[in-house]
2 protein chains.
Amino acid sequence: MDNLEKARGGRPRAFDPDRALDAAMHLFWEHGYEATSLAMLREAMGLTPPQIYNAFTDKETLFRKALTRYHETEIGFALDALSAQVPVREAISRLLLGAADAYSRPGKPGGCLFVSGALAASPQAQAIADELRAYRKASEAAIADRLAKGRAAGELPEELSVENLAKYIAGVMNGMSIQARDGASAEELRLLALTALAAMPAEGQKWQA
Amino acid sequence: MDNLEKARGGRPRAFDPDRALDAAMHLFWEHGYEATSLAMLREAMGLTPPQIYNAFTDKETLFRKALTRYHETEIGFALDALSAQVPVREAISRLLLGAADAYSRPGKPGGCLFVSGALAASPQAQAIADELRAYRKASEAAIADRLAKGRAAGELPEELSVENLAKYIAGVMNGMSIQARDGASAEELRLLALTALAAMPAEGQKWQA
DNA sequence: CAGGTTTCGTATCGATCGCTATGGATAATT
DNA sequence: AATTATCCATAGCGATCGATACGAAACCTG
């Protein structure tokens, strides 16, 4: 029943689950969870409804697997930027510039799936909206952790609130996601990122917030 | 047929169209255009389907009227901030701090309707998504105009690109809208706004972007 | 080859979607 | 009071939603 387990018998699958999941991910990325209908998924994945349900349980499970795949294949730049052995300002710079690139890739939907997946949702889809919010919160927490490391290393003012600065950086990335959806080019997003970086305090700099 | 015209006769309306429109606006604000069903609107507005359709034509027209009402009643802070006779930095400060307040008002949905109304949409609702994008673009253009005025007044570096800075400021506001939806408090949004302001160049300051 | 298991394609299911036909009720106008 | 116009309430429209029942087909094990 699960595509991760090796089938011990029976008729073999006539399609590649990973390719189908990719197609579903891009469709959810473009139109969001609720606005993506089974009919659209059926056409994009090239499958019949029973094939989809047999392989992915239901629409909600399919979406969650699409989220996992998106996390694994599309936003590695974030983990790379935050885990690189570089000064904190360089790490944040890589994060924002990486987002500028990732949010405006040709042939991909604009912005971030974690933002456009279900910013607003019906009461029935509240669980999905909550899951996406958890992804966004986790990103913000990862940024705060990296900032705290930088502050501990003396690269940021001691009195700095890493939570607040992380909220700003995560907010800028969310805003870039929307600007990307509104047609901003990679170059425009990079300029936005550089402008945002100017708000980062330097070492020993007095910080007012 | 239109609630703007004085009825010349016939049975009078048994409800207040403005109150009903307010209820619809808040529901769209919370759940977005497509995820808000007629059944939800019916309950929130306290009306039957024929009452809704007689007064507001159809769901799409109702949403557009809700957008107009939102623009008139909920985001006056933006026009106030951008039209005030103050230095440009003070104007942008009022804009961002006003957004921090407006996006986190108790008893109101978090964030901005222009962002949450239809960030992602089905193909059938593309016109609605486009209209919201137009509202966001108009906001960005208004910011750019104000920045250009400030630059002309010598309050910003001559080599500054007002379009790029406007895209940053509009992006920050969009990001604040999402942070508000994710539960950020008014105080947290104000701190985010103040951090964002630090990226604004001062008079005569060298500007790299 | 027989038995077991899984997926296949076809044809739908009940629920909800946005929306409206119908006819009685209530007002201003004449 | 008669006419006209508008709105009200009930009931239900066709279309689409996410999800399945069914039996035939294709594989592994014995």
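Reminder, nothing fancy here: chain letters follow the sequence lines and each chain counts from 1.
Sequence neighbours left out, not one pair with a member in residues 160-187 of chain A passes ring-ring contact (aromatic ring centres under 6.0 Å, His included).
Summarising the geometry, the separation between NE2 on B:His31 and P on C:dG18 is reported as 13 Å, rounded to the nearest angstrom. Distance B:Ile52 CD1 to D:dC7 C1': 14 Å, rounded to the nearest Å. Going from atom CZ of B:Phe15 over to atom P of D:dC7 covers 8 Å, rounded to whole Å. Atom CG in B:Asn54 sits roughly 14 Å away from atom P in C:dC19 (whole-Å rounding). Note: CZ (A:Arg42) to C1' (C:dT10) measures 12 Å, nearest angstrom. Atom CZ in B:Arg11 sits roughly 4 Å away from atom C1' in D:dC8 (whole-Å rounding). Per the geometry, CD belonging to B:Gln51 stands 16 Å off P belonging to D:dA11, to the nearest Å. B:Phe56 has its CZ atom 12 Å from the P atom of D:dC7, to the nearest Å.
Residues meeting the ring pair (Phe, Tyr, Trp, His ring centres under 6.0 Å) test with A:Tyr135, sequence neighbours left out: A:Phe114. Applying the salt bridge (Lys or Arg N to Asp or Glu O under 4.0 Å) test to B:Asp130 and every residue at least two apart in sequence or in another chain returns B:Arg133. In this view, A:Arg94 and A:Glu90 satisfy the salt bridge (Lys or Arg N to Asp or Glu O under 4.0 Å) rule, not counting sequence neighbours. Residues passing the salt bridge (Lys or Arg N to Asp or Glu O under 4.0 Å) test with B:Glu163, sequence neighbours excluded: none.
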Are any protein N/O atoms closer than 3.5 Å to N/O atoms in nucleotides 16-20 of chain D? If there are, list each pair with its distance.
| residue | atom | partner | partner atom | Å |
| --- | --- | --- | --- | --- |
| D:dC17 | OP1 | A:Ser37 | OG | 3.4 |
| D:dG18 | OP1 | A:Thr36 | O | 3.4 |
| D:dG18 | OP1 | A:Lys59 | NZ | 2.8 |
| D:dG18 | OP2 | A:Leu38 | N | 2.6 |
| D:dA19 | OP2 | A:Tyr53 | OH | 2.7 |
| D:dA19 | OP2 | A:Lys59 | N | 3.0 |
| D:dA19 | O5' | A:Tyr53 | OH | 3.3 |

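No side-chain heavy atom of B:Thr195 sits less than 4.5 Å from a side-chain heavy atom of B:Leu192.
When the nucleotides C:dT7, D:dC27, C:dT10 are ranked by their closest atom to the side chain of A:Pro12, D:dC27 comes out on top.
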